[in-house]
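What follows is one structure encoded as structure tokens, with my remarks underneath.
All figures in this text were calculated on a predicted structure; none of them were measured in a lab. Numbers restart at 1 for each chain; the letters A, B, ... are given by sequence-line order, proteins then strands.
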2 protein chains.
Amino acid sequence: MGYEQDDMDKLREPLGDIAQCGLPLALEAMGERWSFMILRAAFNGIRHFEDFLEALGIARNILSNRLSRLVEAGILKREHCADDRRRIEYRLTPKGLDLLPAMLALRQWGEKWELGVPANPVLCDARDGHPIAPIGIFSHDGRALSAEDLTWRDLSEIETAPAALALRKLP
Amino acid sequence: MGYEQDDMDKLREPLGDIAQCGLPLALEAMGERWSFMILRAAFNGIRHFEDFLEALGIARNILSNRLSRLVEAGILKREHCADDRRRIEYRLTPKGLDLLPAMLALRQWGEKWELGVPANPVLCDARDGHPIAPIGIFSHDGRALSAEDLTWRDLSEIETAPAALALRKLP
DNA sequence: TATTTAAGTTTCTAGTTGCAACCTAAAACC
DNA sequence: GGTTTTAGGTTGCAACTAGAAACTTAAATA
């Protein structure tokens, strides 16, 4: 916790090209009041309208509206059950599943800074049973980075740009 | 992208204890419409009321309200400039700076799934100039994890619980 | 002292969100 | 065929959110 914002001037982005930024686009899809809570429920295996309703304590029309929007955004898919064709299942798409790091980062932040007691249950690695690491920022080769280690560079200046951009997982 | 939600049943959390979850608490602080955009501007070095106003294109009263709420939540601090005491600086607190991973995760998601063109400029490691790795989920010893690798465990069952919880950065 | 500036506050307006309660449609079940 | 279940639409109403424009206050500045 030893750094102040003074150290961060490198992180100054040439603002103004707000359309070029992924954040407003992400917020357009996920920025509404219940969206993340619905996503959380979906990650917990909830798939049916009435179950979301009960789990979240949300009004029907709002839930209906949010589910439609999430389906429209490609975050959930809406399909009829094979066995009971009047039941509809809302399930996470790959695009929706890919929101898990963002959701966990937010959640960990809330646990760390807002929740008084240690969170329970704890999200763990199924392989060894240990709690997962805090979501963080890492260099391409796995070093932990903080705000003062970051800088903006123009796409054209990055030597390995195409390879680095295509690479979506660590070695 | 090769997994479906079927693989994820281990991730089912014993719902209901919504107060115990950090996500609603995080959303209470950051869930409002402009909060993340204000945070983004703050990370870009913007500190003054009129600069936020111009950078975001937000109404004065809403900006005033949001800044107050973020200060109340301990995400920004509000202090008078030493040199010009009518100027007020809003600056990120350690709690606010700690939202960077969550913001970047959201932003990377938006870039990956919503933005048509490659994002520019690119956030890079200042040390080697390479783009940062995608924000992801990692085990305590640095293995990349995906949704199907995760499970919930009760706090009491975790052998190294106190040490693991105290540890907030990777070795 | 008068003026300008930064950071609000207030007022008025329109639109959105949210809830409760009721209504509809289609599929399944008897 | 009639009933129940599931998904969700409709209506009415209160609260909140957002924007524009005018007003306020304190501090710097000329």
Side-chain angles (χ1 to χ4, degrees), chain A residues 5 15 18 23-24 27-42 45-73 75-93 96, chain B residues 5 18 23-24 27-42 44-73 75-93 96:
Chain A
Q5 199 182 358
L15 234 333
I18 233 165
L23 186 62
L27 292 174
E28 203 168 325
M30 288 301 300
E32 277 168 312
R33 220 173 274 334
W34 285 98
S35 304
F36 264 105
M37 291 304 293
I38 291 173
L39 195 79
R40 173 182 115 105
I46 287 180
R47 293 177 186 174
H48 300 295
F49 190 88
E50 304 290 331
D51 296 335
F52 281 108
L53 211 57
E54 187 188 12
L56 301 178
I58 181 178
R60 304 180 77 84
N61 56 347
I62 303 299
L63 177 60
S64 175
N65 186 299
R66 288 305 167 274
L67 287 174
S68 301
R69 284 183 53 92
L70 291 173
V71 169
E72 236 180 290
I75 291 165
L76 296 177
K77 62 188 165 195
R78 182 186 196 280
E79 46 194 28
H80 290 268
C81 274
D83 55 330
D84 182 346
R85 292 189 38 73
R86 77 202 142 153
R87 303 199 95 202
I88 287 173
E89 285 195 341
Y90 294 94
R91 300 172 61 163
L92 289 163
T93 61
Chain B
Q5 199 181 357
I18 233 165
L23 187 61
L27 292 174
E28 202 169 324
M30 289 300 302
E32 278 169 313
R33 221 175 269 339
W34 285 100
S35 304
F36 263 106
M37 292 304 293
I38 291 173
L39 195 78
R40 173 181 115 105
N44 279 305
I46 287 178
R47 292 177 186 176
H48 300 295
F49 190 89
E50 305 289 331
D51 296 335
F52 281 108
L53 211 57
E54 187 188 12
L56 301 177
I58 182 179
R60 303 181 77 85
N61 56 347
I62 302 300
L63 177 60
S64 174
N65 186 300
R66 288 303 165 276
L67 288 174
S68 300
R69 284 184 52 92
L70 291 172
V71 169
E72 238 180 288
I75 291 165
L76 297 177
K77 62 188 165 194
R78 181 186 196 280
E79 47 194 28
H80 289 268
C81 275
D83 55 331
D84 182 345
R85 292 190 37 73
R86 78 203 141 152
R87 303 199 96 203
I88 287 173
E89 284 196 342
Y90 294 94
R91 300 172 59 163
L92 289 162
T93 62

Interatomic distance, B:Asp84 CG vs D:dA30 P [rounded to whole Å]: 12 Å

Could you state the CZ-P distance from B:Arg87 to C:dA7, rounded to the nearest angstrom? 6 Å

Would one find a side-chain N or O of A:Tyr90 under 4.0 angstrom from OP1 or OP2 of D:dT6? no

Keeping the roles fixed (side chain from B:Asn44, backbone from B:Arg40), state whether a donor-acceptor pair exists under 3.5 Å. yes

Between A:Leu53 (CG) and C:dA20 (P), how many Å, whole number? 10 Å

Side-chain touch A:Ile38/A:Leu63, heavy atoms, less than 4.5 angstrom: yes

Go through D:dT5, C:dA7, D:dA7 for me and flag the one nearest to the B:Glu50 side chain. C:dA7

I'd like to know if the side chain of B:Ser68 reaches the main chain of B:Ser64, judged simply by a donor and an acceptor atom lying under 3.5 Å from each other, with no hydrogens or angles considered. yes

Expressed in angstrom and rounded to an integer, what is the separation of A:Leu63 atom CG from D:dG9 atom P? 10 Å

Can you tell me if A:Glu54 has over 12 outside heavy atoms packed within less than 6.0 Å of its CD? no

Below 4.5 Å, heavy atoms only, C-beta onward: do A:Cys81 and A:His48 meet side chain to side chain? yes

What is the distance, rounded to the nearest whole Å, between atom NE2 of B:His48 and atom P of D:dA27? 17 Å

Would one find more than 12 heavy atoms of other residues, nucleotides or ligands at under 6.0 Å from atom CD of A:Glu28? no

Whole angstrom is fine here: how far is it from CG in A:Asp83 over to C1' in C:dC29? 14 Å

Mind calculating the distance between CZ (A:Arg85) and P (D:dA7) to the nearest angstrom? 13 Å

Whichever of B:Arg78 and A:Arg86 has the more 5' nearest nucleotide on DNA chain C, that residue is B:Arg78

CZ of A:Arg47 to CD of A:Glu89: how many Å apart, nearest 0.5 Å? 5.5 Å

Separation of C:dA27 C1' from A:Ile88 CD1 (nearest whole Å): 11 Å

Each nucleotide of nucleotides 14-23 of chain D classed B (base within 4.0 Å of a protein heavy atom), S (only sugar-phosphate) or -, in 5' to 3' order, makes ---SBBB-B-

